[in-house]
**Student:** 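Can you keep this structure in mind? I'll have questions shortly.
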Amino acid sequence: EVQLVESGGGLVQAGGSLRLSCAASGFSFDDYAIGWFRQAPGQEREGVSCISSLDGSTYYADSVKGRFTTSSDNAKNTVYLQMNSLKPEDTAVYYCAALRPIGMRGYGGVDCPAPWGSDPYSAMYYWGKGTLVTVSS
């Protein structure tokens with residue numbers, strides 16, 4: 001059973017930092033790309049970052065570039081999102097997702113899809129339940 005569990009959210013003042021964790025079970029991160037997404041109150045879900053299991057490349061939304069860093073510990077099947085210089089507009093529920101191309105039957109590294117990567121493939125997503133990040137002024 002594929003499971004993703006986010007942790008590390010909480011309340012932090014503007015300018016502070018948090019590190020989110022996404023612990024996976026039932027699969028290996030080597031066979032999926034892992035993305036972070038967030039949804040603020042009254043807003044649409046947006047992609048925050050993605051890390052490729054093909055070559056380790058990372059991608060970021062413009063709104064978080066330079067402040068957030070995603071990384072992986074494959075031995076622990078865990079992906080992290082280090083969030084620095086947090087702003088009130090970062091307040092949202094943060095979700096991690098494991099993704100791979102629909103119809104992919106084998107195993108191997110997976111790159112992040114467009115617009116992050118170069119291939120706009122249709123992906124299947126396995127979602128965690130989210131962790132709330134609240135940034136106060």
**Student:** Going by side-chain hydrogen bond (donor to acceptor under 3.5 Å, both in side chains), name the pairs with one or both residues in residues 47-58, residues two or more places apart or in two chains.
**Tutor:**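 Qualifying pairs, neighbours excluded: Ser52-Asp55, Ser52-Asp111, Asp55-Ser57.
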
**Student:** Minimum heavy-atom separation for Gln43 and Gln39, please, with both atom names.
**Tutor:**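 Closest pair (atom of Gln43, atom of Gln39, distance): O-NE2, 3.1 Å.
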
**Student:** Enumerate the disulfide bond (SG atoms under 2.5 Å apart) contacts for residues 31-92, please, sequence neighbours excluded, ordered by first and then second residue.
**Tutor:**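 Non-adjacent pairs meeting disulfide bond (SG atoms under 2.5 Å apart): Cys50-Cys112.
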
**Student:** So which residues get pulled into Leu54's cluster when ILVMFWY side chains under 4.5 Å apart are joined, directly or through others?
**Tutor:**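 Members alongside Leu54: none; it stands by itself.
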
**Student:** Please list all pairs meeting side-chain hydrogen bond (donor to acceptor under 3.5 Å, both in side chains) that have one or both residues in residues 84-100, counting only residues at least two apart or in different chains.
**Tutor:**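 Residue pairs with at least one partner in residues 84-100: Ser17-Asn84, Arg38-Asp90, Arg38-Tyr94, Arg67-Asp90, Gln82-Asn84.
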
**Student:** For residues 59-102, which residue pairs qualify under disulfide bond (SG atoms under 2.5 Å apart), counting only residues two or more places apart or in two chains?
**Tutor:**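 For residues 59-102, and leaving out neighbouring residues, the disulfide bond (SG atoms under 2.5 Å apart) pairs sorted by first residue read Cys22-Cys96.
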
**Student:** Would you say the side chain of Pro113 lies within less than 4.5 Å of the side chain of Asp119, judging by non-hydrogen atoms?
**Tutor:**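 Result no, sub-4.5 Å side-chain heavy-atom pair not found.
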
**Student:** So, Asp73 side chain and Thr78 main chain: donor-acceptor pair closer than 3.5 Å or not?
**Tutor:**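 Here the side-chain-to-backbone pair does not exist.
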
**Student:** Please collect all ring pair (Phe, Tyr, Trp, His ring centres under 6.0 Å) contacts where either partner lies in residues 3-28, sequence neighbours excluded, each pair once.
**Tutor:**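 The answer is Phe27-Phe29, Phe27-Tyr32.
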
**Student:** Do Leu81 and Phe68 come within less than 4.5 Å of each other through their side chains, counting heavy atoms only?
**Tutor:**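 A side-chain contact under 4.5 Å exists here.
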
**Student:** Can you tell me if Thr70 uses its side chain to pair, donor with acceptor, with the backbone of Tyr80 under 3.5 Å?
**Tutor:**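 Yes, the answer is positive, given that a donor and an acceptor are paired below the 3.5 Å cut-off.
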
**Student:** Quick check: is Tyr60 connected to Trp116 through a chain of hydrophobic side chains (ILVMFWY, heavy atoms under 4.5 Å apart)?
**Tutor:**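 Looking at the clustering, Tyr60 is in a separate group from Trp116.
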
**Student:** Hey, any chance Ile51 and Phe37 share a hydrophobic cluster, counting ILVMFWY side chains that come within less than 4.5 Å of each other, even indirectly?
**Tutor:**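 No, because Ile51 and Phe37 fall into different hydrophobic clusters, even though each may have its own neighbours under 4.5 Å.
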
**Student:** Can you give the donor-acceptor pairs under 3.5 Å from side chains of residues 124-134 to other protein atoms, not counting sequence neighbours?
**Tutor:**
from, atom 1, to, atom 2, distance (Å)
Thr131, OG1, Gly9, N, 3.2

**Student:** Residues two or more places apart in sequence or in another chain: which of them pass side-chain contact (heavy atoms from CB on, under 4.5 Å) with Ser136?
**Tutor:**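 Partners of Ser136 under the side-chain contact (heavy atoms from CB on, under 4.5 Å) test: Leu11, Gln13.
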
**Student:** Identify, with sequence neighbours excluded, every residue that meets side-chain hydrogen bond (donor to acceptor under 3.5 Å, both in side chains) alongside Asn74.
**Tutor:**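 In terms of side-chain hydrogen bond (donor to acceptor under 3.5 Å, both in side chains), with neighbours along the sequence ignored, Asn74 is linked to Asp30, Ser72.
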
**Student:** Could I get the full list of side-chain contact (heavy atoms from CB on, under 4.5 Å) partners for Ala14, not counting sequence neighbours?
**Tutor:**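 side-chain contact (heavy atoms from CB on, under 4.5 Å) check on Ala14 returns Pro88, Val135.
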
**Student:** Group every Ile, Leu, Val, Met, Phe, Trp and Tyr by side-chain heavy-atom contacts under 4.5 Å, then state whether Val93 and Leu20 land in the same group.
**Tutor:**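 Unlinked, Val93 and Leu20 end up in two clusters.
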
**Student:** By side-chain contact (heavy atoms from CB on, under 4.5 Å), which residues pair with Pro101, not counting sequence neighbours?
**Tutor:**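 Testing Pro101 for side-chain contact (heavy atoms from CB on, under 4.5 Å), a comparison that skips the adjacent residues, returns Met104, Val110, Tyr121.
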
**Student:** In chain order, what residues pass the side-chain hydrogen bond (donor to acceptor under 3.5 Å, both in side chains) check against Lys76, with sequence neighbours excluded?
**Tutor:**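 Lys76 satisfies side-chain hydrogen bond (donor to acceptor under 3.5 Å, both in side chains) with no residue once adjacent residues are dropped.
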
